[in-house]
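Note sheet for the following structure.
Throughout, a chain's letter reflects where its sequence line sits, starting with A, and its residues are numbered from 1.
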2 protein chains.
Amino acid sequence: MQIALTAAVRCAECPIRHRAVCARCDDDELSLLEGMKTYKTFKAGQPILWRGDDLVFVASVVQGVAALSKTLEDGRTQMVGLLLPSDFIGRPGRGQIDFDVTATTDVTLCCFDRKPFEKLVDDTPHVAHRLMELALDELDAARDWMLLLGRKTAREKIATFIQMFVRRTHTDEQAAGPDQFNMPMTRDQIANYLGLTLETVSRQFNSLKKEGVISFGDRKTFTVVDMAALHNATGDDADGGMID
Amino acid sequence: MQIALTAAVRCAECPIRHRAVCARCDDDELSLLEGMKTYKTFKAGQPILWRGDDLVFVASVVQGVAALSKTLEDGRTQMVGLLLPSDFIGRPGRGQIDFDVTATTDVTLCCFDRKPFEKLVDDTPHVAHRLMELALDELDAARDWMLLLGRKTAREKIATFIQMFVRRTHTDEQAAGPDQFNMPMTRDQIANYLGLTLETVSRQFNSLKKEGVISFGDRKTFTVVDMAALHNATGDDADGGMID
DNA sequence: GCATGAGGTTGATCTGGATCAAAGAATTTG
DNA sequence: CAAATTCTTTGATCCAGATCAACCTCATGC
C-alpha cells in the first residue's frame, strides 16, 4: 500500500521528501535509517513485487511511477493504487501484500529492510501515528475510487483521472510548466486504473481535446486548458475531488 | 470507516466483542471506557452521520447494519463500506468523515466520546497498533471491492457479495442455521453496494436461485445450496476471496 | 534509410446492463 | 381486512462502452 514512508527531511541523496516520517522527526530517529538504505531500480513494465511475496523491504518511490494491481482468474486486471514519487510501499506490521506492484515507468526505490524499519516505528509513537494517518488517507482515496469505478461514466472517469493526476503532480519537479504535465502512463494502463478499455480511454481523451478542455503536446505531454470545464466533467460537487 | 473499535472483552452489556481493543487489553484500560459509554439507536433508513459532520463520538455497531456511502452531484450514490455488528465508526485522529453513514436496518451503537477515546489510544500503544491493523484490513477490503466494481460482471458481483456476506455473518447470532442467512438489505441497497441497478440485482439473484446455487426462504432468509458453485461464480481464483 | 514493434486512433458492430414500464408480493397503517 | 406503501419481479427497449478490426505514428535499432 502506498502510505508514504519517509526516511527523512535530511535524506540527502533522495530528491524527494519521504512522507512516512513527519516533520517532527528528529535527527536521531532519522539517522537510524540513514545507514541502512539502499536504492533499487526497475525498468518500465518490470514486476516489483508479486501478490503473496514476502515483504523483505519497505520503500519510498524516488523516481517514476509504479502501480498496485489485482487480477481475476481469467486475467482481467484492475489497478488499485498509483505510486508517485514520495509514496510508500510496505505495510507496517504485515509481512505480505495482497496485490502486485509493477513499475509503470522506470522506477527508483529507496529501500529499507523491513525489520529495522518496524523497530523504528515501534520505538517512536509519533512515527506510528503518522503511518496511521497515511493509511487513513489511502482509505479515503480508495473510497473515492470506488465511487468512480461504481458510478461514473467514461467521460467522468477520464476527467477525474486527469484532475487527480494534476493535483498529485503539479508541485513536483516533473511538472513541465503551468498546468502542463507529463503523462507517464499508456492508454492501456489508464484503462486498467479506470475500469475501462484502452479504446474508450483514447476516445474520451480526444473528445476532451476536441472540446478544448485539454490539449496534447507530443502525446507524453498534455495541458489543462480549461480547469473549470475539466472539474465540471468529473461529476463531483464543489470541491470534493479525489486527492489520491 | 469501519475499523473495529472495541471497548472490551468485558463490555458486559454489549452482546458483541468490540474489535478495536485487542485481547491483550487489560482491565485497567477497559475500565477507562467502561464508565463513559452510551447507547444510541437509529431506525432503518435514518442518517447516522453526514459527510463533513464533526465526529463527536466513535462507536461500535452492536446490532443491525449501517452503510457508508458517497454521492455524486446528480444524486448517483455508491456504498463504500458495510458496517456489521462489532464494526467501528470513527477514525482515530480525525474529526471529520468524508462520507455519509446511514442505518440500513434498525441500528444500535455503543458510543464513546471521541476525546477520551483518543486519549486511550494515545496512552496505550498496542491499542493504537490494533487500530492500525484494522485500518489496513479496511484498505484490503476496499481494494478487493475496487476489483469488483471495476472488472466484475453483474453475476460475479452478486456471487461475491453473497460469499462476502456469508463469511462475515455466519458466526454471528443472526445466522439462522447452517449456510442459511438473513439478508438485511433491500435490492436497492445491494445495488448501491455493487454498482448495479436494483433490477439487475433482482435478475441475478433469481438466476442463481434458478440454477440451484442459492434458495430463498421468506425473502429475508436465504440459503447457500452449492457453496462451490457460488465461489465458482465469483471470478476469484482459489481462495483469494473478499473478506470485508 | 528502412524495418520492426509498441502504442495510439478510428470505425463498425455487438451486448450487458441500464432504463422504462407495469404488474405482483409483503408489510404497515388506520 | 381494505388501503396505502414499500419492495420485488418481470418484460421490452435502449445505449454506453466493449469488442473486433484496420490503420496510423512514433521510437528504436540495424
Tell me if a side-chain donor or acceptor on [X] pairs with a main-chain N or O of [Y] at a distance below 3.5 Å.
X	Y	result
Arg76(B)	Arg151(A)	yes
Asp87(B)	Leu84(B)	yes
Trp145(A)	Tyr193(A)	yes

Grab the [atom1]-[atom2] distance between [X] and [N] for me, whole Å please.
X	N	atom1	atom2	value
Asp188(B)	dC7(D)	CG	C1'	9 Å
Gln189(B)	dT6(D)	CD	C1'	12 Å
Phe205(A)	dG8(C)	CZ	P	10 Å
Arg187(B)	dA26(C)	CZ	P	12 Å
Asp218(A)	dG7(C)	CG	P	16 Å
Leu198(A)	dC20(D)	CG	P	13 Å
Lys220(A)	dC26(D)	NZ	C1'	10 Å
Ile190(B)	dC7(D)	CD1	P	13 Å

Checklist line | Given dT10(C), dG17(D), dT8(D), the nucleotide with the shortest approach to the side chain of Thr153(A) | finding: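 Ranking dT10(C), dG17(D), dT8(D) by closest atom to the Thr153(A) side chain puts dG17(D) first.
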Check: Which angle, to the nearest 10 degrees, lies between the helix axes at the two ends of the helix from dG1(C)-dC30(D) to dG30(C)-dC1(D), each defined by five pairs?
Finding: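 It comes to 40° between the two terminal axes.
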Next item on the list: Nearest-nucleotide wise, let me know which of Arg155(B) and Ser202(A) is further upstream toward the 5' end of DNA chain C.
Entry: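 So the residue in question is Ser202(A).
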Side chain to side chain contact (heavy atoms under 4.5 Å, CB included) against [X], all qualifying residues, sequence neighbours excluded:
X	answer
Asn232(A)	none
Thr186(A)	Asp188(A), Gln189(A)
Thr108(A)	Tyr39(A), Thr41(A), Val62(A), Gln63(A)
Lys220(A)	Asp218(A)

Margin query: Under the criterion side chain to side chain contact (heavy atoms under 4.5 Å, CB included), I'd like the reasoning laid out for Leu136(A) against Asp140(A): C-alpha separation, chi angles, the key distance, then a yes or no.
Written below: CA-CA 6 Å; Leu136(A) 292 176; Asp140(A) 283 342; 5.6 Å; no
Note to self: Quick test of your reading of the model: are Glu138(A) and Arg91(A) salt-bridged, counting only N-O distances below 4.0 Å?
What the structure shows: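 No.
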Item checked: Under 4.0 Å protein heavy-atom contact, by nucleotide of nucleotides 18-23 of chain C - B base, S sugar-phosphate only -> SBB---
Check: Would you say Asn206(B) reaches dT8(D)'s phosphate, i.e. side-chain N/O to OP1/OP2 under 4.0 Å?
Finding: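 Negative; the distance criterion is not met.
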